[in-house]
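Worksheet: the structure to be examined is printed underneath.
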Amino acid sequence: MTIPSRPDFDTRAAQWDQLPRRVALANAVVDAIRQITEPQATMRLLDYGAGTGLVTLGLQPFVGEVIAVDSSRGMLEQLELKARESGITNLQTQFIDLDHEWQLPAGIDLLVSSMTMHHVTDITGLMFHFKACMNPGGRLCIADLEEEDGTFHDDQAAPIPHHGFSLNQIEHYFHEAGFTSVSTRRIMTVVKERDEQRREYPVNLTVGTVGPALD
Ligand SMILES: C[S@@+](CC[C@H](N)C(=O)[O-])C[C@H]1O[C@@H](n2cnc3c(N)ncnc32)[C@H](O)[C@@H]1O
C-alpha cells in the first residue's frame with residue numbers, strides 16, 4: 001500500500017508568491033491582525049507556518065523581533081532570501097521537524113498563523129504549546145479556512161488533516177487551551193473554480209488572549 005505523502009511545500013516554495021490571491025489573502029490577514037492587536041515595537045512575534053513570509057514580513061516592521069517557524073526548509077529559504085534582500089535584521093527562522101519532538105521559543109507576545117492549522121494533526125496539543133510559549137497579555141491570531149468539503153486544495157492526493165474549521169470548532173480549541181476574549185471575524189473569501197463551477201471558501205481570523213479577559 002502506498003502511503004500518501006504530506007503536501008510538498010519545498011518544491012512549490014520558489015513560485016509561492018506568484019499567485020496574486022495568495023498575496024491578497026496574506027495582506028488581508030496582516031491588515032486584520034494590525035487592526036485588532038495593534039502590534040508594538042516592544043513585541044516578540046512568532047509566525048507558525050510562516051511559509052515564504054507573506055504575513056511575517058507584513059507584520060515585521062511593526063514589532064521588535066520576529067521568529068518565523070515552518071516545517072518546509074524550501075519555504076524558509078525563500079523567506080530568508082527576501083529578508084536578506086530587504087536588509088531585515090530582526091528576523092530569525094526555525095525549522096520544525098514534524099517527525100521529531102520540537103519546541104517553540106518562549107516569551108512570545110504575538111503569535112500568528114495563517115492557512116497552516118488545517119495541516120496540523122494535533123491541534124489541541126499545539127494550542128496548549130502555543131499558550132505555554134506566550135507572555136501574559138499575549139495575543140494568538142489564527143487565520144484559516146471555514147469548514148469546507150475537501151475541495152479547496154488542488155492536490156487531492158495529499159492528506160489534509162482538517163477541511164477547515166467551523167466557528168464553534170476553532171473557538172473551542174482556543175477556549176480548551178485557556179485563551180480568553182476569543183472572537184472570530186471573516187476576513188476574505190477565496191474563489192476557485194471546481195468542476196467548471198465557481199466555489200467560495202471563506203477565511204476567518206480568530207483572536208484570543210493569554211490571561212484575564214479584555215474589556
Ligand atoms: C498554506 S501555507 C501558508 C504559508 C503562509 N502562512 C502564507 O500565508 O503564505 C502552509 C505552511 O505551513 C507549513 N506547515 C504545514 N504543516 C505544518 C506544521 N505541522 N507545522 C509547521 N508548519 C507547517 C507549510 O510548510 C507551509 O509553509
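First listed ligand is number 1; within each ligand, the first listed atom is number 1. Heavy-atom basis, side chains included; hydrogens, waters and symmetry copies ignored.
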>> Does this structure show an ion pair linking E146 with R186, if we count only N-O contacts that are shorter than 4.0 Å?
In response: yes
>> Can you pull out every ring-ring contact (aromatic ring centres under 6.0 Å, His included) where at least one residue sits in residues 39-95? Sequence neighbours excluded, please.
In response: Y48-F130
> Passes side chain to side chain donor-acceptor pair (under 3.5 Å), T206 versus E171? Steps please.
Replying inline: CA-CA 7 Å; T206 305; E171 293 197 353; 5.2 Å; no
>> Assess the residue pair D17 and Q78 against the criterion (side chain to side chain donor-acceptor pair (under 3.5 Å)); give the C-alpha distance rounded to whole Å, side-chain angles, the decisive distance to 0.1 Å, and a yes or no.
In response: CA-CA 10 Å; D17 292 2; Q78 292 299 316; over 6 Å; no
> Which of the atoms in ligand 1, numbered in the order shown and given with their element, are less than 4.0 Å from a heavy-atom of H119?
Replying inline: 15 (C), 16 (N)
> Who gets closest to atom 14 (N) of ligand 1 by heavy atom: A26, G49, S71?
Replying inline: S71
> Would Y201 and H163 count as a close aromatic pair, with their ring centres under 6.0 Å?
Replying inline: no
>> Return the closest protein heavy atom for atom 1 (C) of ligand 1 as residue, atom name and distance.
In response: M115 O, 3.2 Å
>> So, applying side-chain contact (heavy atoms from CB on, under 4.5 Å) with N204, which one of L167, I170, I187, D144 is it?
In response: L167
> Got the closest protein heavy atom to atom 3 (C) of ligand 1, with its distance?
Replying inline: S114 O, 3.5 Å
>> Side-chain heavy atoms nearer than 4.5 Å, only ILVMFWY residues, links allowed to pass through others: does that put I33 and L145 together?
In response: yes
> Counting each atom of ligand 1 from 1 as listed, which ones have a heavy atom of W16 under 4.0 Å away?
Replying inline: 1 (C), 2 (S), 9 (O)
> Can you tell me the protein heavy atom closest to atom 19 (N) of ligand 1 and the distance?
Replying inline: L98 CD2, 3.3 Å
>> Using a 4.0 Å cutoff against the non-hydrogen atoms of L54, which atoms of ligand 1 qualify?
In response: 9 (O)
> Which atoms of ligand 1 sit under 4.0 Å from any heavy atom of S72?
Replying inline: 25 (O)
>> Applying a heavy-atom cut-off of 4.0 Å, say which part of S113 lies close to ligand 1: side chain, backbone, both or neither.
In response: neither
>> If the cut-off is 4.0 Å to any non-hydrogen atom of V120, which atoms of ligand 1 fall inside it?
In response: 19 (N)
>> Counting non-hydrogen protein atoms only, what is the nearest one to atom 25 (O) of ligand 1? Give residue, atom name and distance.
In response: D70 OD1, 2.5 Å
>> Under a 4.0 angstrom heavy-atom cut-off, which atoms of ligand 1 come close to Y48?
In response: 18 (C), 19 (N), 20 (N), 21 (C)
> Are D154 and R12 ion-paired here, with the side-chain N under 4.0 Å from a carboxylate O?
Replying inline: no
> For ligand 1, which atoms, with element, lie under 4.0 Å from some heavy atom of M75?
Replying inline: 27 (O)
> Among all protein non-hydrogen atoms, which one is nearest to atom 12 (O) of ligand 1, and what is the separation to 0.1 Å?
Replying inline: T116 OG1, 3.3 Å
>> Assess the residue pair T209 and R139 against the criterion (side chain to side chain donor-acceptor pair (under 3.5 Å)); give the C-alpha distance rounded to whole Å, side-chain angles, the decisive distance to 0.1 Å, and a yes or no.
In response: CA-CA 5 Å; T209 302; R139 313 292 288 279; 3.2 Å; yes
> Looking at G51, which atoms of ligand 1 are within less than 4.0 Å of one of its heavy atoms?
Replying inline: 4 (C), 27 (O)
> Salt bridge or not for E80 and K82, using N-O below 4.0 Å?
Replying inline: no
